[in-house]
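Along the sequence shown, the residues carry numbers beginning at 1.
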Amino acid sequence: MTKSILSPKNDFVFKLLFGEAENCKATTGLLSSVLKIDPEQLSDLSFLNPFLYQDSEKGKEGILDVKVKTKTAEIIDIEMQILKVPDLPERIFFYKSKLVLEQIGRGNDYSVIKKVYNIIITDHIYVKENPFYHNRFFDYNPDYATPFKKVSETHILELPKLPKKSDGALLWSWLKFFKVDSEEDLNM
């Protein structure tokens, strides 16, 4: 008999698994596999308040799923996006902009701004232009493939594109974990 489980894609479960300091190892493992960063560089994560407060009466608020800061003060937003939303790029840009603005105050030099990462795990296909389950976006000159200063990076991870067989990447295993829906699958 197959036992059902609470899905790691569930908003509450996802935040418990990856947004709590007690589960820092899991968060570090996931981030290391997505960003291809040595886990040691992520060893001292700080779990931050996920609320992006409005900065004026007419401003807009946002609530991130998971918000962490690395020991080098880089900010990482991790989102689980189950529902297909037509304005995903605009939402990501809004979150990214707020995360940059939070880093700088009146009188600060712009050099205080550290890199911002957005990691979006989707349960639908968003990037239709290719078959890859991991797509990375950043600013660059498309005529010469010259990167602009790497102040931000966006990673879109698409669960429906995950191959049935492992490609050997640790990220494949993490995404396979998000797709489990029974205790039997989880144990495998």
Side-chain angles (χ1 to χ4, degrees), residues 14-15 17-19 24-52 62-82 84-85 87-104 108-162 167 169-175 177-178:
F14 183 79
K15 290 174 185 180
L17 290 173
F18 299 100
C24 189
K25 267 186 142 170
T27 308
T28 298
L30 176 63
L31 293 176
S32 176
S33 72
V34 174
L35 303 175
K36 296 184 176 140
I37 293 175
D38 183 343
E40 189 58 38
Q41 287 183 262
L42 300 166
S43 63
D44 293 324
L45 290 179
S46 299
F47 290 79
L48 305 175
N49 181 344
F51 287 88
L52 301 173
I63 305 172
L64 306 178
D65 287 345
V66 178
K67 180 181 173 185
V68 295
K69 185 190 317 188
T70 67
K71 63 183 172 185
T72 58
E74 294 175 323
I75 305 294
I76 305 172
D77 160 35
I78 313 168
E79 301 291 323
M80 176 60 73
Q81 187 62 53
I82 300 298
K84 192 172 191 171
V85 292
D87 57 352
L88 186 62
E90 292 82 0
R91 180 185 293 196
I92 294 168
F93 188 76
F94 170 74
Y95 289 169
K96 185 182 304 190
S97 299
K98 291 289 253 186
L99 293 171
V100 169
L101 284 172
E102 287 181 345
Q103 296 181 52
I104 191 165
N108 289 133
D109 188 87
Y110 291 106
S111 64
V112 301
I113 297 173
K114 299 294 184 187
K115 190 170 186 174
V116 171
Y117 296 90
N118 298 88
I119 298 169
I120 318 303
I121 304 166
T122 67
D123 202 20
H124 57 275
I125 294 176
Y126 176 73
V127 182
K128 294 175 178 69
E129 295 81 5
N130 69 56
F132 308 114
Y133 63 87
H134 181 193
N135 284 276
R136 191 179 98 179
F137 301 94
F138 58 96
D139 294 326
Y140 77 103
N141 178 333
D143 295 331
Y144 304 102
T146 307
F148 197 56
K149 183 172 182 184
K150 292 184 181 180
V151 177
S152 71
E153 236 176 76
T154 299
H155 295 259
I156 306 287
L157 308 171
E158 299 168 292
L159 296 176
K161 289 183 177 179
L162 191 69
D167 59 7
L170 186 55
L171 180 57
W172 183 91
S173 298
W174 276 108
L175 296 184
F177 165 73
F178 289 118

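A pairwise comparison of heavy atoms in K67 and F51 identifies NZ-O, 4.4 Å as the closest pair. Scanning all heavy atoms of the two residues, the minimum distance from Y140 to P147 falls at CB-CA, 3.6 Å.
Between L99 and the options D77, L48, I76, a side chain to side chain contact (heavy atoms under 4.5 Å, CB included) holds for only D77.
Between T154 and N118, some side-chain heavy-atom pair lies under the 4.5 Å cut-off. Within the 4.5 Å cutoff, no side-chain heavy atoms of V66 are placed close to those of I119.
The number of heavy-atom neighbours closer than 6.0 Å to CZ of F94, taken from other residues, nucleotides and ligands shown, is above 12.
Remark: T72 pairs with T70 by the side chain to side chain donor-acceptor pair (under 3.5 Å) rule, at least two apart or across chains. Residues meeting the side chain to side chain donor-acceptor pair (under 3.5 Å) test with Q103, sequence neighbours left out: none. Scanning for side chain to side chain donor-acceptor pair (under 3.5 Å) contacts around K15 gives D11, with sequence neighbours left out. Scanning for side chain to side chain donor-acceptor pair (under 3.5 Å) contacts around D167 gives Y133, with sequence neighbours left out. Partners of W174 according to the ring pair (Phe, Tyr, Trp, His ring centres under 6.0 Å) rule, which considers only residues two or more places apart in sequence or in another chain, are F18.
Between Y95 atom OH and I63 atom CD1 the span is 8.0 Å, to the nearest 0.5 Å. Atom-to-atom distance recorded for F14:CZ and Q81:CD is 11.0 Å, nearest 0.5 angstrom. For the atom pair CD1 (I121) and CG (L30), the distance works out to 5.5 Å, reported to the nearest 0.5 Å. The distance from atom CG of L88 to atom CD1 of I120, rounded to the nearest 0.5 Å, is 6.0 Å. Rounding to the nearest 0.5 Å places CG of L42 at 10.0 Å from OG1 of T27. Put simply, NZ on K69 and CD on E102 are 10.0 Å apart, with the number rounded to the nearest 0.5 Å.
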What's the verdict on side chain to side chain contact (heavy atoms under 4.5 Å, CB included) for V34 and H134, showing C-alpha distance, side-chain angles and the deciding distance? CA-CA 8 Å; V34 174; H134 181 193; 4.2 Å; yes
Kindly indicate, with the supporting measurements, whether the criterion side chain to side chain contact (heavy atoms under 4.5 Å, CB included) is fulfilled by F47 and C24. CA-CA 9 Å; F47 290 79; C24 189; 4.0 Å; yes
Could you go through the side chain to side chain contact (heavy atoms under 4.5 Å, CB included) check for L17 and F177 one step at a time? CA-CA 12 Å; L17 290 173; F177 165 73; 3.9 Å; yes
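Distance alone, capped at 3.5 Å, places no donor-acceptor pair between the T28 side chain and the K25 backbone. Here the side chain of S32 pairs no donor or acceptor atom with the backbone of D38 at under 3.5 angstrom. Remark: side-chain polar atoms of E153 are not paired, donor with acceptor, to backbone N or O of Y117 under 3.5 angstrom. Proximity of a side-chain donor or acceptor of D44 to a complementary backbone N or O of K71 within less than 3.5 Å is not detected.
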Side-chain polar contacts of residues 122-131 - donor-acceptor pairs under 3.5 angstrom, sequence neighbours left out - could you list them?
from: T122; atom 1: OG1; to: H124; atom 2: O; distance (Å): 2.7
from: T122; atom 1: OG1; to: L157; atom 2: O; distance (Å): 3.4
from: D123; atom 1: OD1; to: K9; atom 2: NZ; distance (Å): 3.4
from: D123; atom 1: OD2; to: K9; atom 2: NZ; distance (Å): 3.2
from: N130; atom 1: OD1; to: F132; atom 2: N; distance (Å): 2.9
from: N130; atom 1: ND2; to: N135; atom 2: OD1; distance (Å): 2.7

